[in-house]
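So that the names make sense, note that chain A is the first sequence line, chain B the second, and so on, each numbered from 1.
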Amino acid sequence: MSDVLLRDQIAGALKDALGRAAGELGWSGVDGEPIKVERPENPDHGDYATSVALRLARPVRKPPRDIAEAIRERVKVGGPIASVEALNGFVNIRVDLKWLASQVDEIVRADKQFGRSKALAGKRMQIEFVSANPTGPLTVANARGGPLGDALSSVLEFAGAAVEREYYVEDTGTQFDTFGRSIAIRYRQLHGENIEIPPDAYPAEYVKDIAAGIKAREGDKWMKLSLEEQTKRFAPEGVEWVLREAKRVTAMLGIHYDTWFSQAELMRSGYFEKTLAELRKLGKVYEKDGAVWLEASEAVDDKEGWVLVRSNGEPGYLGKDIAYHVQSLRERAFDKKIDIWGSNTHYHLIQMRAAMKVLGLLDRFEVVLYQYVRFLHEGVLKRMARRSGEFLLLEDVIEAVGKDATRYFFLQSSADRQLDFDLELAIQQSNENPVYYVQYAHARIASILRTAAERGITSDGGDVALLTEKGELDLVRLALRLPELVDDIRQHYGVHQLTTYALELAGAFHGFYRDHRVVDDADVPRSKARLRLVLAVQVALRQTLGLIGVSAPDKM
RNA sequence: GGCCCCGUAGCUCAGUGGAUAGAGCAGCAGCCUUCGAAGCUGUUGGUCGGGAGUCCGAGUCUCCCCGGGGUCGCCA
C-alpha cells in the first residue's frame with residue numbers, strides 16, 4: 001500500500017489545482033480554507049468530493065460554480081484519479097477503475113499490515129482504562145472502559161504509535177482503608193464477634209469471601225490485632241484479590257495490560273511532593289484551614305480552590321492524580337496520556353485540566369468520557385454501586401453472552417450515549433448480536449476459499465484486472481475505507497465507528513455473494529480474480545474485527 | 001441552581017456543516033437441486049424533542065424551552 005491515503009492524495013491534487021487557479025486568476029483568501037475531501041453518499045457524485053468551492057465563494061467573491069470549474073480544469077488526471085467534474089459547486093472525483101482493481105492485490109499483499117500507517121510513528125502513548133477502585137470485582141459499569149480503551153489502543157497502534165495499556169491501581173486513601181476495614185469486620189464476625197457492618201463499608205458477599213479465605217489460610221492468627229491494625233493488614237490482601245480478579249476477567253475480554261501501576265508506589269517515589277513543590281513554585285497553591293489547596297479561580301468562576309492535601313495531612317485524590325499524570329508524562333516520558341473515564345468524573349476532569357494547564361501539560365492530556373451504564377434489576381433501572389451491593393458482574397455477562405458479543409455491545413454506540421443493560425434481554429438476544437452478522441461474512445468467505453481449493457481453484461495468479469463489474473469494485477471501494485477510518489479515529493477517538501463499518505462491509509459482501517458466483521468451473525480466470533477479491537474483503541474484515549477485539553472465525 | 005451527555009423509524013442505535021436522513025431488530029410479502037439461509041430481495045415505518053437564530057447549505061453550530069441521565073466533598 002502507498003503510505004499516503006488515497007483521500008489525502010486527492011486532497012493534495014485539489015490543493016495544487018486550487019493554488020494554481022488562485023495564482024492565475026488573482027484570487028486571494030484561499031489559504032485559510034482547508035480542503036476537506038469526503039465520500040459522497042450518492043454514487044452519481046463520484047468517489048470523492050470536496051465542497052471547498054462553496055466555502056470559498058465569500059472570500060474569493062466569485063460564484064461557487066466558477067470556482068469549482070476553475071479547480072476542475074486544473075486537477076491533474078492520472079494515477080488513481082480518472083476524472084474530475086464540477087457540479088453544483090462541488091468538485092467530484094472518480095477513481096480509476098483499473099487502479100481500484102489493482103488495490104485488491106495491494107490489500108491481499110498487505111494482509112496483516114492492511115490499515116496500518118505511520119501517522120503516529122515515533123509517538124509513545126499511554127492509555128489508561130477501567131482502573132476501577134480496587135475494592136471489588138469488575139461490574140458492567142466499570143467494564144465499558146475496557147473495550148473502548150482496548151480498541152482505541154489498537155487503533156493508535158495501527159496508526160504507528162507505541163501504546164502502553166495501563167491499569168491504575170488506587171491502593172491508597174480512604175476507600176482503600178474502608179475496604180480493609182470491611183474485610184476486618186467480616187473476619188471478626190467469622191470468629192464469632194458481634195460486630196456490625198457500618199453503613200459506609202462494603203457490604204457485599206465477596207468481602208466475606210475474602211475474609212473467609214484469610215480465615216481458612218491463617219485461622220485466628222490476626223484476631224489479637226486491633227481493628228485498625230487489621231484494616232492495614234487486610235487492605236493490601238483485599239486489593240491483591242481484586243487485582244487477580246480484574247486480571248482474570250479483563251483477560252476473558254481479551255484485554256491484556258502492559259502495566260499495573262500502583263498508587264502506593266507512586267506515593268513512595270516522592271513524585272507527589274515533587275509535583276506539589278512545582279505547583280507551589282508556580283504560585284498556584286495556598287494554605288487554608290490546615291489544608292493545601294490548588295488555585296481554581298482561573299478555571300472555574302465560583303470556586304476558590306480544590307484540596308490537594310487534607311488537613312489531616314493525607315494527600316487527597318486530586319493531588320495524587322495530578323502527580324500520577326505528571327509522573328507518566330515526565331518520568332515515563334509519554335508523548336500523550338489518554339484516560340478512559342466514566343462520566344461521573346466530569347468534575348474531576350475540569351480540575352485535572354486546570355492543573356495540567358498550569359503545569360504546561362494540557363496538550364498531552366486527553367480524556368474519553370463515557371456515559372454511565374445502568375442495569376435493569378427486577379424490572380427497574382438502577383445505577384450500579386458497589387457500596388450499595390447492587391451491581392451486575394462483568395464476568396456474569398461474559399459467561400452468558402460470550403466475549404465477542406460483550407465487546408461488540410459496548411462498542412456499538414458512542415461513548416457519549418448512556419447505556420442500559422438488561423442481562424435477560426442480552427441473553428435472549430445474544431444470537432441477534434450484529435457481531436455474528438459480521439463474523440458470518442468472514443466465515444462465509446473462508447468457506448468459499450475452502451470450496452474453491454477442493455475444486456482445485458486458488459487465488460494464485462488471479463488477474464485482478466478482470467474485476468470490472470460495479471458490484472466487484474464497490475467492495476474494493478469499501479475495503480479501502482478502513483485505512484481512512486483508522487486515520488479518522490486516531491484523531492477523534494470515536495472507536496464505535498469500527499462496528500458501523502464492520503456491519504457495512506459485511507452487508508456489502510452478503511449482497512455481493514447473492515449476485516455473483518465466485519467459484520465457477522466454467523470460468524477459471526474469473527474465479528481466480530474473484531477469489532482474490534473476496535480474500536481482500538476477508539482481510540479488511542479480519543483487520544477490523546481485530547481492532548474491535550473480536551474473533552474472526554473460519555467456521556461458525 | 002451552575003456545568004457535562006443524550007433526545008433521529010415500533011425498539012436499539014449510526015450519521016468529521018454538504019447534494020435524496022441510514023442500519024440492525026421487530027412487522028408484512030417472497031427466495032435454498034448450484035460457492036454456508038447466522039444469509040438475500042422487496043415492503044411498511046421519520047414534524048431528526050419544540051422554537052428562534054447563524055450560514056449558500058443545519059440531524060450536525062449558537063441561544064431559549066421541554067424531557068431523561070450525570071456531576072458540583074478536606075470520597076475516590
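- Here B:A19 sits opposite no nucleotide as a Watson-Crick or G-U wobble pair (both hydrogen-bonding atom distances under 3.5 Å).
- An aromatic stack links A:H45 and the base of B:A19, using centre distance under 5.5 Å and interplanar angle under 30°.
- Checking A:Q497 against A:D488 by side-chain atom types alone, no donor-acceptor pair falls below 3.5 Å.
- Among the nucleotides B:C13, B:A76, B:C35, the one closest to any side-chain atom of A:Y513 is B:C35.
- Side-chain atoms of A:M556 lie closest to B:G36 of the nucleotides B:C74, B:C56, B:G36.
- Residue A:H496 has a polar side-chain atom (N or O) positioned under 4.0 Å from OP1 or OP2 of B:G15.
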Exercise for review: Go through the steps to decide whether A:D47 and A:R94 satisfy the test salt bridge (charged side-chain N to carboxylate O under 4.0 Å, His left out), and finish with yes or no.
Suggested key: CA-CA 5 Å; A:D47 295 309; A:R94 285 187 171 71; over 6 Å; no

Exercise for review: Test A:V292 against A:R280 for side chain to side chain contact (heavy atoms under 4.5 Å, CB included), laying out the working first.
Suggested key: CA-CA 10 Å; A:V292 180; A:R280 196 167 267 139; 3.9 Å; yes

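- If you check B:A38, B:G18, B:G24 against the side chain of A:P434, the one that comes closest is B:G24.
- A salt bridge links A:R530 with A:E469; the closest basic N to acidic carboxylate O contact falls under 4.0 Å.
- At a threshold of 4.0 Å, the pair A:K284-A:E298 counts as salt-bridged, since one of the basic side-chain nitrogens sits closer than that to a carboxylate oxygen.
- At a threshold of 4.0 angstrom between heavy atoms, the contacts of A:R55 include nucleobase atoms, whether or not backbone atoms are also involved.
- Counting any heavy atom pair closer than 4.0 Å across all strands shown, A:A446 reaches no nucleic acid atom.
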Point to revise | Working for side chain to side chain contact (heavy atoms under 4.5 Å, CB included), residues A:L480 and A:V95 | key: CA-CA 12 Å; A:L480 291 177; A:V95 171; over 6 Å; no

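- Under 4.0 Å is where a charged nitrogen must lie from a carboxylate oxygen, and between A:R481 and A:E504 no such pair does.
- OP1 and OP2 of B:U12 both lie 4.0 Å or more from every side-chain N or O belonging to A:R417.
- A:D416 places its CG atom 15 Å from the P atom of B:U8, with the value rounded to the nearest Å.
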**Study point:** Protein proximity profile, nucleotides 25-32 of chain B - base contact B, sugar-phosphate-only contact S, no contact -, cut-off 4.0 Å on heavy atoms
**Key:** S-------

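- Within the structure, a side-chain polar atom (N or O) of A:Y440 is placed less than 4.0 Å from OP1 or OP2 of B:A38.
- Side-chain nitrogen and oxygen atoms of A:Q497 include at least one within less than 4.0 Å of the OP1 or OP2 phosphate oxygen of B:G15.
- Judged by distance alone with a 3.5 Å cut-off, a donor-acceptor contact links the side chain of A:N92 to the base of B:A19.
- The side chain of A:E41 approaches B:G22 more closely than any other nucleotide in the set B:G22, B:G18, B:G36.
- For B:U54, there is no paired base (Watson-Crick or G-U wobble, both distances below 3.5 Å).
- By the 30° and 60° cut-offs, the orientation of the rings of A:W306 relative to A:Y347 is perpendicular.
- For the pair A:D200 CG and B:A76 P, the computed distance is 13 Å after rounding to whole Å.
- OP1 or OP2 of B:C56 sits under 4.0 Å from a side-chain N or O of A:R58.
- When the nearest nucleotides of RNA chain B are assigned to A:V91 and A:A443 by heavy-atom distance, the more 5′-ward of the two goes with A:V91.
- Phosphate proximity of B:U16 to A:R39: absent, as no side-chain N or O sits under 4.0 Å from OP1 or OP2.
- Electrostatic pairing of A:R7 and A:E38 does not count as a salt bridge here, judged by no charged N lying under 4.0 Å from a carboxylate O.
- A residue-by-residue look at A:S414 and A:L503 shows that A:S414 has its nearest nucleotide of RNA chain B further toward the 5' end.
- When distances are taken from the side chain of A:T451 to each of B:A19, B:U71, B:G36, the shortest belongs to B:G36.
- Considering only the side chain of A:R450, B:G36 comes nearest among B:U20, B:G36, B:G73.
- Identified under the ring-ring contact (aromatic ring centres under 6.0 Å, His included) test for residues 401-429 of chain A, with sequence neighbours left out: A:F409-A:F421.
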Can you name the atoms? Protein N/O to nucleotides 65-70 of chain B N/O, anything below 3.5 Å, with the distance.
{"unit_1": "B:G69", "atom_1": "O2'", "unit_2": "A:Q418", "atom_2": "OE1", "d": "2.5"}

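- For A:E38 and B:U60, the CD to C1' distance is 13 Å, given to the nearest whole Å.
- In this structure, A:R310 reaches the B:A76 phosphate: one of its side-chain N or O atoms is under 4.0 Å from OP1 or OP2.
- Going from atom CG of A:L419 over to atom CD of A:Q371 covers 9.5 Å, rounded to the nearest 0.5 Å.
- Here B:G30 sits opposite B:C40 as a Watson-Crick or G-U wobble pair (both hydrogen-bonding atom distances under 3.5 Å).
- Between A:S447 and B:C35 there is no side-chain polar atom (N or O) within less than 4.0 angstrom of OP1 or OP2.
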